[in-house]
Amino acid sequence: MLDYLSLAAVAQVVREGSFERAARALHVTPSAVSQRVKLLEDRLGLALIVRGSPCVATEAGAWLCRHVEQVGMLERDLQRAMPALGTLDAGDQRVTLRVAVNADSLDTWFVPAIAAFSASEPALLDLSLDDQEHTAEWLRTGAVLAAVTASAKPGQGCRSVPLGHMRYFATASPAFKKKYFADGVTAQALAAAPSLVFNRKDKLQAQWLRAACGKPVETPRHWLPSPQAFVAACVAGIGWGTNPASLVEAQLRDGSLVELVPGVDLRVPLYWHHVRLKIPMLDRLTKAVVAAAQTGLEPLRATSDAR
């Protein structure tokens with residue numbers, strides 16, 4: 001049998017990032033937390049935590065943390081079905097669900113999903129940000145229980161649920177477009193015009209350039225890791241960038257932004273991947289995410305039975 005007291009200590013250290021903060025959350029001493037973690041590591045013969053600032057889980061530690069989360073969700077659902085069991089949980093610890101999501105989703109349609117879920121669930125959410133092309137890797141390594149991703153095919157032991165398309169427009173301020181594209185939006189003009197790129201994983205601008213020009217085009221780049229700042233930078237004339245349609249609707253209406261090439265846009269398919277376990281709380285989170293996506297995303301043009 002697993003020692004759940006030690007497992008809880010490992011999970012809390014990973015969640016808090018330090019043994020001291022974990023000790024405060026568990027109402028014990030840092031020495032007690034350290035002893036519990038070391039006891040489990042010695043028993044398994046595996047390192048579970050990389051000590052540092054912050055402390056992070058090893059691959060084995062991440063899988064055990066995910067197991068703790070799954071058990072916690074099952075216990076909360078059991079308490080919901082049998083309220084008398086609530087008296088047994090003296091610590092009244094809320095379970096924490098770890099989810100990976102891309103920044104554009106978080107800044108547009110995803111918050112209503114977690115708001116609806118949190119309104120009725122004894123749970124906290126720990127969201128990790130990454131590009132939609134890479135969030136599935138968080139799930140594969142056991143770092144999260146679920147992820148919003150651009151991949152339709154789920155990893156082993158996971159399920160894929162289609163969410164919808166996120167639509168992107170390539171936009172710029174009217175003054176920027178006049179300055180750099182007076183003779184049209186050509187590959188030559190784009191190669192001289194500063195673009196906005198979220199981070200080194202962001203491929204949206206490159207995808208739009210191939211769609212608009214029929215070939216790759218290298219552009220000068222500003223690096224700007226914030227969807228809201230992307231819009232503000234476009235309005236300010238710092239560069240052009242691909243923005244989620246819902247974030248630039250008002251600016252396109254009032255004329256503070258214009259499309260670089262009307263009719264050339266991107267539609268990025270999004271999917272919800274989660275571990276394939278029958279956990280009612282995770283099912284309810286999935287239901288909330290799908291409902292929010294139906295409102296905030298465009299329907300997928302074609303869906304596959306990805307399982």
Side-chain angles (χ1 to χ4, degrees), residues 97-117 125 127-140 144-171 198-199 201-212 214 227 230-231 241-250 252 259-279 282-307:
L97 281 66
R98 290 177 297 167
V99 175
V101 61
N102 59 312
D104 287 336
S105 289
L106 186 60
D107 271 19
T108 53
W109 64 272
F110 196 73
V111 168
I114 60 177
F117 174 76
L125 290 163
L127 302 183
S128 297
L129 289 180
D130 205 343
D131 185 87
Q132 62 271 5
E133 300 290 342
H134 298 268
T135 46
E137 180 67 13
W138 291 69
L139 188 59
R140 187 194 69 79
V144 298
L145 288 170
V148 176
T149 174
S151 173
K153 185 178 180 180
Q156 185 177 5
C158 296
R159 179 172 176 244
S160 176
V161 180
L163 294 175
H165 278 116
M166 179 168 280
R167 191 178 186 189
Y168 289 84
F169 293 122
T171 64
F198 189 84
N199 59 25
K201 296 178 180 178
D202 181 11
K203 306 299 182 186
L204 291 176
Q205 280 63 231
Q207 292 173 16
W208 185 88
L209 286 163
R210 285 195 296 271
F230 239 63
V231 177
T242 55
N243 291 292
S246 60
L247 285 185
V248 294
E249 286 176 344
L252 290 173
E259 288 188 68
L260 283 191
V261 182
V264 178
D265 54 28
L266 295 177
R267 287 178 174 83
V268 176
L270 294 177
Y271 301 84
W272 175 249
H273 291 190
H274 64 82
V275 293
R276 186 184 286 278
L277 293 173
K278 188 59 181 176
I279 301 176
L282 184 56
D283 290 343
R284 292 192 293 272
L285 176 60
T286 297
K287 184 178 179 180
V289 169
V290 171
Q294 288 174 344
T295 300
L297 297 175
E298 297 181 1
L300 288 170
R301 290 173 175 172
T303 61
S304 61
D305 186 19
R307 295 182 179 178

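Residues Thr135 and Asn102 come closest through the heavy atom pair CG2-N, 4.2 Å. The two residues Ala152 and Ser160 have their closest heavy-atom pair at O-OG, 2.9 Å. Nearest heavy-atom pair, Ser105 versus Leu270, reported as atom, atom and distance to 0.1 Å: OG-CD1, 3.4 Å. Between Ala146 and His274, the shortest heavy-atom contact is CB-CB, 3.8 Å. Across Ala136 and His273, no two heavy atoms sit closer than the pair CB-ND1, 4.4 Å. Nearest heavy atom pair, residue Arg284 against residue Phe117, reads C-CD1, 4.1 Å.
At a threshold of 4.5 Å between non-hydrogen side-chain atoms, the residues Leu285 and Trp272 count as touching. Two residues are said to be in side-chain contact when any heavy atoms from C-beta on lie closer than 4.5 Å; Leu260 and Thr171 fail this criterion. In this structure, the side chains of Asp104 and Val268 stay at 4.5 Å or more apart for every pair of heavy atoms. For the pair Leu106/Leu129, a side-chain contact is recorded, criterion being any heavy-atom separation below 4.5 Å from C-beta on. Here the side chains of Gln132 and Thr149 are not in contact, with every heavy-atom distance at 4.5 Å or above. Between Cys158 and Arg276, the closest side-chain pair of non-hydrogen atoms is not below 4.5 Å. Looking at Val264 and Glu259, their side chains never come closer than 4.5 Å, going by heavy atoms from C-beta outward. For the pair Met166 and Leu297, the minimum side-chain heavy-atom distance is below 4.5 Å.
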Stepwise side-chain contact (heavy atoms from CB on, under 4.5 Å) check, Val289 with Phe110: CA-CA 7 Å; Val289 169; Phe110 196 73; 3.8 Å; yes
side-chain contact (heavy atoms from CB on, under 4.5 Å) between Leu300 and Tyr271, intermediate numbers included: CA-CA 10 Å; Leu300 288 170; Tyr271 301 84; 4.0 Å; yes
Test side-chain contact (heavy atoms from CB on, under 4.5 Å) applied to Leu163 and Trp109, step by step: CA-CA 11 Å; Leu163 294 175; Trp109 64 272; 3.8 Å; yes
Audit row: Val144, Leu139, side-chain contact (heavy atoms from CB on, under 4.5 Å) steps and yes/no: CA-CA 5 Å; Val144 298; Leu139 188 59; 4.1 Å; yes
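Taken from CG in Asp283 to CG in Leu277, the straight-line distance is 10.0 Å, to the nearest 0.5 Å. Between the CD atom of Gln207 and the CG atom of Asp202 there is a distance of 8.5 Å, given to the nearest 0.5 Å. With rounding to the nearest 0.5 Å, the separation of CG in Asp265 from OH in Tyr168 is 12.0 Å.
Residues Glu133 and Lys203 are not paired through a salt bridge, judged by the lack of any N-O separation under 4.0 Å between the basic side chain and the carboxylate.
In this structure, Thr242 contributes its side chain and Phe169 its backbone to no donor-acceptor pair below 3.5 Å.
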